[in-house]
Structure formats: C-alpha cells, structure tokens
Amino acid sequence: MTSSSATTPVLQYTPLNDIPKIREHLKATFSSGRLRSVRYRRQQLLGLVHLIEDNSARFEEAFKLDLGRHNLETTAADLDGTVTELMYLYDNFGAWTKPEKPPFNLKFWALSPVIRRVPKGVVLVIGPFNGAAIATGNACVVKMSELTPNVAAVVTELLPKYLDQDFFRVVNGGILETTAILELQWDHIVFTGSPAIGKVVAAAAAKHLTPTTLELGGQCPVFCDQKMDMYLTAKRLLWSKAFNAGQTCTTVNHIFVPFAAQDALVAAFVRAYNEFYPEGAEKAPISSLVTDVAFKRVKGLLEKTKGEVVRGGQFDEKRRFIAPTILKNVALDDIVMESELFGPILPIVPVKSIQDAIDWTNSRPHPLAVYAFTNDSKFKKYIFNNTQSGQFVVNDTSIQGAIQTLPFGGVGESGYGMVKGKYIIDTLSHLRATCESPRFVDSMMGWRFPPYTIRNSPNPILSEFPLLLSGKLKLSVPVYTIWGACEDVSVLEKLRAGEYDIENLHVIDEATSRTLEIGGIKLRLLGLGGAYVPHKLFDNGDGHATIAGGQGTMWTTALQMGELVDTAQKTYDQTETRMFVSHASPGREGLLAQLGTTLKADLTISAALHFRYASSWNEFSVQQDAEAYRAKLDKGKNAFDEVWRTVKSQVEPAVDEQQKILLEKALSLTIKPVSTTAPAAEEAQWKNTWNWNLCDAAFGYLVLDIREGRVSAELKSQGFNYAYRRAAAATTNNATAASTPASALNRLPSTAASPAPQGSPVVPLAAALAPPTANGVTLDSAGPSPAQTPAPPAEPAPTNGINGTNTENLTSPKQTHRKKLSNTERRDRKDRANTAGSEAERSSSKPTSPVPPSASPVPKFQQTHSAKNSKGTPKSNASPALSADPTLPESE
C-alpha cells in the first residue's frame, strides 16, 4: 500500500481473492442485458464526464503529487482532453453502433445481410479508463497503474459514486494482482504501457484466446529537413520532450538532421530553451520522473552518453527531477539510441544523408509515430513512403492523439489495434454478421436442394430490379409514379408494404400521397394505378386489401377509389395545389373525371391511351356547359351502376367495416353529379382543371416548369407525317402511274383505277383495304371505332378517289384495283357511298383537300405544344421528367 496526502486517500490494493469474484459478478450483470440500452450507456458516459468535471481540483493535486506536474498540463492533456473525447463518443456512438449494410452482393441480396456491432462482454483495461467500453455496451474492469498511486486512489474513491458498480469496477495492485488478473479469461484486453509489459499481457491473453489491443510506444524519430525553419522546429520539439518529462508514448525520441544543419538546429534549441526557462529549468514547473527507478535509469543514460550536452542535464534526486537535456553529436551506436528513452533527453543525431537515417530506423522495431519537419513536399513524401509507423505527422509532435476523428494505434512492437473515436468502438465491438432468408429465396436458390439436375440450376437474372433493390443501380433523381396496367401485383404489394425499398422511387397510390415544396407552391400528388375495367371494379384477382391484379396485369378497384377519396379528404389543405395522376384517362372515363373533381384536383395526368400524340385540355374547352359535362359523368355512372347491381349482393356481405367505409366513399362518386347551380368554387373546379394525357414514352414527353407559383407545361409528341399528301397530289396530276417512280408509288395511298364520274357518289377506298395502322390506332374494315371517329366532314369528299390513311405497308394502286372485295367491305363501301353521295354531287367539280376527315382518325393538327416561361422565351426540350428539381424536399 502507498500513502498519500491529507486530501488524497490511501491506495488500497484489491485482495487477490476478490479479483475472480469481481469478474464473475460483472459476467452475470452483463448477461442481464441492461447495457443494451443506448440511453443507459449515455447516462454512464455523462457520469464519467461529471466525475472529471466535479473533481478537477482533486485530479490536479493527485497528478502534482505523483508527477510534480503543473496544473495547466494536467487540465489540458488529461482532464479537458478526456472530457472532449467522452463527449465526442456521447454524440456519435449511437450512429456508429447502428446496423450496417455490407456492399451489395447480387447472389445474396434477398437474404438481407446486415452487420451488427454488439458488445464483446467484460473488458479488462490496464491503464487509463476508456469511455469506449461504456459506449459499446461492455462491462469493464480497470486496473490502475500502481506507479501513480495518488491518481489511482482518487479514481478508486470516485468511480463508484458516478458509475454503476454492477458494470464498472476498479482493481488496484502490483505485480501479484496484475498476474492474478491476467490468469482469468476476459472478452477483450486493452493495455497501455511499455513494449516489454505488452508482451507479457499478450502472452497471458493468448492462453484464453482473448483479443487484445496494445498501445505501446517505441523510438519515435524526427527527420529534419536542412531547409526547414529551425527555430520553429526547436520550439515544438522542446515542448514535446519537456511535457510530462518526456513520459508519453508519442514524444519524440531523437532527431535526425544532416551534418550541415546541426549547428543551426542547436542554435535554435539554445534560443528556445532560454525563452522557455529564463530563470533556469530547475525553477520551472517541469514534471518529475514517475518513480525512483525511472529517475536512476535516465540519470544513468546521461552519465554514460558520449553526446555533448547543449542545455539541461541538471537533476534533483529528492524530487526525481531531471531538466530537459539537449544532446548534440550523438552517434547511432550511442547508449541513448539503444531503446526508447521515455524521459527528458533529446539527442540530435547528425547523418550524412536522410537515407542513412531511414535505413537505421527501418532496422529497428517500428515506432508508434514518425515525424518529419519540412516544407518540401518531396521530402515529406519520401519519408512517408520509406518508413513504417502507427502515425505520421509533419511539422509537429504528439498532437495527433488529441484528434478524435483519427485512429490511434501502433504497428509491430509499438502495438496493435486502434483506439480513439469510432475506431475504439469497432475495436471493442464484435461485428456480428446476420442475414434472414425469406420464403421466396427458394425460388431463386432452389438449385441447392437435391436431386441435382440441370433443371434445378440457377437461372440468369433477366431484370435490373434486384440491382435497384440493392442500391447498386440507382435512380439519379426522385421518381414519383403510379403503377400501370402491366405490373406484377406481388412486387407492388412488397413495395407498398416497405419490404422492397428503392432509393428515389416513390410509388403514389390510394393510401399514399406525396407533397413537394416546389417553385413556390405546395404540390400534392394523388395517384390511382391500374387499368380502368368496369366489370373488374370489384375483383381483386391475386391482390390483397384494395390492390388488384396478377402477374403482368393490374386494374383499378372501387375500394381503391374509395380509399383515394378518404386519403384526399384527410390530407386536404386549401393552400395546396393538387395533381391527380392516373393510368386511365379522365378524359375518356366519366367516373375518373368525377373522381378528379371530388379530389379537388387542379391538374391531372394520365397515360393509358397509348397514342403517338399527347393531349392537353380542360373540360370547359371541350364541353358546352355543365350539363354537357354531367352527361359525360352520367355515362360513367351508368356503367358503374350496372356492375354494382350485378355484384352488390355478393360484395356487401364480404366487406369488413373498414372496407365498408371505403366502399361508401366510392359509391358516393356516382351520386354527386356536377350541377349547373353548383357553387362557384365547384364550378371553377371542373372548368379549370388542366388535364394531360401522355403519349407513349418513345414518342414524346411532358415537362412541367413550376416557378414562383406558376405552372407552365411543355408537351412534346412525335406528331404526324403529312408528306404523303403532296406525293398523292403529284400522282393525280400524272397521266399514268407509270410516269411516277416506283419508289414514290410505294409511299402513296391506294387509289381507284379512275376518278369517279361527276355527279356520282365518291367512295373512300380506306374501307376497301386491309385494316391499316394509322398513327398507332388500328382500324377495322368498318372504319374507326365511334370513340376514334372525328366529326362529319365540313367539306365534300374529293373526286380523285385518294383516301387519307397512312400509306405505309399498303398495296400499290394497281394491286388495289385488282383486289377482290369481301362482302363486308362491299357493304361498308355502299354505306359510305350513300352517306357521302349528295355532298359529292354538289361539289364534284370543286377542288378540295384530298383527305376526307371521315376516312381517317388523324386529327387536323399536330399535337405538339411548347409552353413559354414568364419571359416569353420558348422552353428547351428538357429531360422528360415530372419533377422540376430533384433536390426539393419531400414530405408524406
């Protein structure tokens, strides 16, 4: 036992019999799981901080008694530095210990591999207490150094007052107690000290296969460039060597300098020494050697060295004091170069070349740190590339240990393992690999089960979907989407449930809306996916809840509509601008138009018509009045009611209470028609909603530009090719078809053998041809469907017999003339002739457009819209994306 001052308790060594009991108690309490709580660990870390802050004067006194150290050094190096490191752990260890996903592995992404940092158990720390043991959730035994008994006594007294003794204990003692501790099994050992004792600790740990972290030291060299500022070099090196009397693991051990620069460096040291200690080093507050043994060892080195003392060399055995001593002309084989000095001696070793110094350094055990003093980048790089050490520092020493964000550790005999910050968290944690195999994995890895046949072998990946799921393939901008008609219901359900998560992919559905703060407005996105098929509105297919579909097909259900109404009502904010995105078109389906009005949509976007051209409209531009608009809604209502009457008796008993609410909201769509006496706000709603139907992605795009609260649109379509009209006119003006090049004939529409006689009805020959494809719309022999047939012609049909259909892939005029008409085609020809006859008689001699509108579904204008910005400048053809700015914030 060691005595202490009146204010410092006497250090009591721990009884040998108690040491195994302490370990067993901590083992048991660790197994209780209380340390798993991050909140509890934070409390314990703060307890350690308060222990230091509340008792700083006690620690200053203890360090002064043990080392004769000035209070400023104790506060800066030990107290403030420890508190800073503890608070850095406190602020960050929660994030550092979170589960971590490893790099993507295509073969095993479905197993959801995760790395979890878990505590190792009971950790033994021989040396300064390490807060990372708390942060990682380990229980801890601290073996304080018996060489600083006053500091150890203060820690032993205070630790139980601030930390939970069920998890954190102190053991004191000398060689016997330390030996007893090392005989036990620990889950990890952290040792700070000399390489000689480090070998003893590592050997003892090896008996139990205990992982260890050794923070040792070594002969840390300085390589000094002769072109360096010598005064700056001397001042920083003298501070490092004098601090704590050179008894730190990172202090400089010796200085290599070219012979030619030694005198300049010595003169700089004399200047710095006189400035540091104007009244002499004996009267300066310089730390003492830690023990009598240490004092005698360092004093013996000074007595035996052949180096010349430049400054220092004084000593006081009573207080174990040796002044910082600068030696010059020290040879490589001098006694002070045999091992780590760990004291206030600083040898200057002149060398012929820096390479000689490097060779000597590399022939010794690797040091904890290598220091280079230079402003030459080549010199710095050469030293770094040709030496090995735990750390490498340029133009300073010892300060690297204060940088929490850097790893701190040695290499070779200077130690192994990392301490400080995140790196000690990894050191004291076990990186536990975890994975979870879902049921569907067998569909991907069924080949592993016998019998081993070619049929059971793994199939190649045919989709990029797994790459998106894993994050290896990324979406570069946020994508907000609904599902279409050709999706897989099982995949969508996993996306909706969160089982699948793709960065930047946001699926909008009846239950999930998105809000974008963009361009001065709050844009609410409401979505409804799937095809609109009236007879499937109450059929879920392979889906669950409200979603409906199968493998490769999706459709809308009534419950989806009801839930979308419910979502819109719950999220309604009159300051928002609402956009309704659907697969089916509200322009065609009255029920979806009513849904858009109910949702109070300002904008709608759909994409189900699969045209080569896009369209933009509002109902006020295509409906004469509210009654005309209601007629459109009534058509959708009647189709819905017909289905509802059929399935009502089966649906009502099958729905639960929640579904019943959604069903009622869906049914409400058919009983709320737009009225001519509707409130102004509702009237404005249906009149002013801006609608778009997109063309197929291969043929165009829509870009919305939202700035300063104003929405403008750029709608681009492939459009139509009308060049065939001029070619057709040229053919008519020729006397015979033979005069027209064959290449031109192949591009012309089919014609009759000769023009129709004046006064006789003109029959468009489109009805007599094989069903063509005009701009993506297939026509049958009876002509366009009612939904595709334009208004009756405003002008009489031409007398030249040329129709207005797209002529690609059609037969030549002669082939058409010889073609035998089918009965259906003959009836169609007759019906069309009767309809157009009277008008043809009145205008057979009048030159007209060669394309009768009734013969083709092609509109008379190209659907290409180009919006302008507020300055009137046409918008450029930007990327076909809905979002104007991918970096805008999003909320749900």
Side-chain angles (χ1 to χ4, degrees), residues 218-243 245-248 250-278 280-282 284 286 289 297-315 321-361 363-364 367 369-374 379 383 395-398:
Q219 294 177 286
C220 300
V222 172
F223 296 89
C224 184
D225 184 1
Q226 62 182 355
K227 296 178 289 185
M228 181 60 184
D229 181 341
M230 293 302 177
Y231 172 67
L232 177 67
T233 301
K235 184 169 62 173
R236 292 182 177 181
L237 292 178
L238 182 58
W239 165 81
S240 173
K241 179 53 73 170
F243 179 81
Q247 300 169 108
T248 62
T250 57
T251 192
V252 55
N253 194 78
H254 51 269
I255 308 170
F256 291 118
V257 64
F259 271 106
Q262 179 180 225
D263 291 344
L265 181 60
V266 167
F269 267 114
V270 171
R271 175 186 171 187
Y273 203 98
N274 293 338
E275 291 176 354
F276 280 18
Y277 314 116
E282 303 95 321
I286 299 174
L289 276 301
R297 179 183 61 83
V298 175
K299 181 174 176 291
L301 291 174
L302 284 176
E303 293 171 346
K304 297 176 183 178
T305 181
K306 295 180 181 179
E308 303 172 29
V309 176
V310 175
R311 279 292 186 273
Q314 303 89 347
F315 61 88
F321 170 79
I322 295 179
T325 303
I326 311 299
L327 302 176
K328 70 175 183 178
N329 289 323
V330 176
L332 290 173
D333 59 354
D334 194 274
I335 189 171
V336 296
M337 299 295 289
E338 289 182 358
S339 61
E340 181 181 6
L341 292 170
F342 209 69
I345 302 175
L346 184 54
I348 300 176
V349 184
V351 291
K352 294 181 180 179
S353 69
I354 290 298
Q355 186 60 51
D356 291 341
I358 291 175
D359 293 341
W360 186 89
T361 300
S363 68
R364 315 285 291 181
V370 164
Y371 301 108
F373 278 76
T374 181
F379 184 95
I383 300 299
N395 294 341
D396 218 323
T397 67
S398 301

Contact check, side chains of Tyr371 and Thr250, non-hydrogen atoms, under 4.5 Å: yes

Hey, what do you get for CG (Asp229) to CZ (Arg236), rounding to the nearest 0.5 Å? 9.0 Å

Atom NZ in Lys241, atom OG1 in Thr325: separation rounded to 0.5 Å? 10.0 Å

How about Phe379 and Ile354: do any of their side-chain heavy atoms sit closer than 4.5 Å? yes

Side chain to side chain contact (heavy atoms under 4.5 Å, CB included) between Arg311 and Phe276: does it pass, once the steps are laid out? CA-CA 12 Å; Arg311 279 292 186 273; Phe276 280 18; over 6 Å; no

For Glu308, run the side chain to side chain contact (heavy atoms under 4.5 Å, CB included) check against Val330, Ile326, Asn329 and tell me which one passes. Asn329

Spell out, as yes or no, whether a donor-acceptor pair under 3.5 Å connects the side chain of Asp334 to the backbone of Lys306. yes

Please check: side-chain N/O of Thr305 versus main-chain N/O of Leu301, any donor-acceptor pairing under 3.5 Å? no

Quick one: does Cys224's side chain get under 4.5 Å of Leu237's, heavy atoms only? no

Taking all atoms of both residues into account, what is the closest heavy-atom pair of Tyr277 and Ile286, and its distance? CE2-CD1, 3.7 Å

Interatomic distance, Asp356 atom CG to Thr361 atom OG1 [nearest 0.5 angstrom]: 10.5 Å

Going from CZ on Phe321 to CG on Leu289, what distance comes out if it is rounded to the nearest 0.5 angstrom? 10.0 Å

Heavy-atom nearest pair, Met230 first then Ala268, reads O-CB, 3.3 Å

Do Met228 and Asn395 touch side chain to side chain, with heavy atoms closer than 4.5 Å? yes

Report yes if some heavy atom in the side chain of Trp360 is under 4.5 Å from a heavy atom in the side chain of Val351; otherwise report no. no

Count the heavy atoms of every other residue, nucleotide or ligand shown that sit under 6.0 Å from CZ of Phe315, and state whether that count exceeds 12. no

Using side chain to side chain contact (heavy atoms under 4.5 Å, CB included) as the criterion, point out the one residue from Leu265, Asp225, Ile383, Thr397 that pairs with Phe373. Thr397

Could you pull out the closest heavy-atom pair between Pro221 and Pro367, with the gap in Å? CD-CG, 3.8 Å

Quick one: sort the His254 and Phe256 rings into parallel, tilted or perpendicular, breaks at 30° and 60°. perpendicular

Closest heavy-atom pair and its distance - Val298, Ile322: CG1-CD1, 3.6 Å

Drop me the distance from Lys328's NZ to Ile255's CD1, to the nearest 0.5 angstrom. 13.5 Å

Minimum heavy-atom separation for Glu340 and Gly218, please, with both atom names. OE1-N, 3.2 Å

Quick one: are Leu327 and Leu346 in side-chain contact, heavy atoms under 4.5 Å? no

For Ala331 and Met337, which heavy atoms make the closest approach, and how far apart are they? O-CG, 3.5 Å

Answer yes or no: is there a side-chain heavy-atom contact under 4.5 Å between Thr251 and Ser240? yes

With side chains defined as the heavy atoms from C-beta onward, is the minimum distance between Leu332 and Val349 less than 4.5 Å? yes

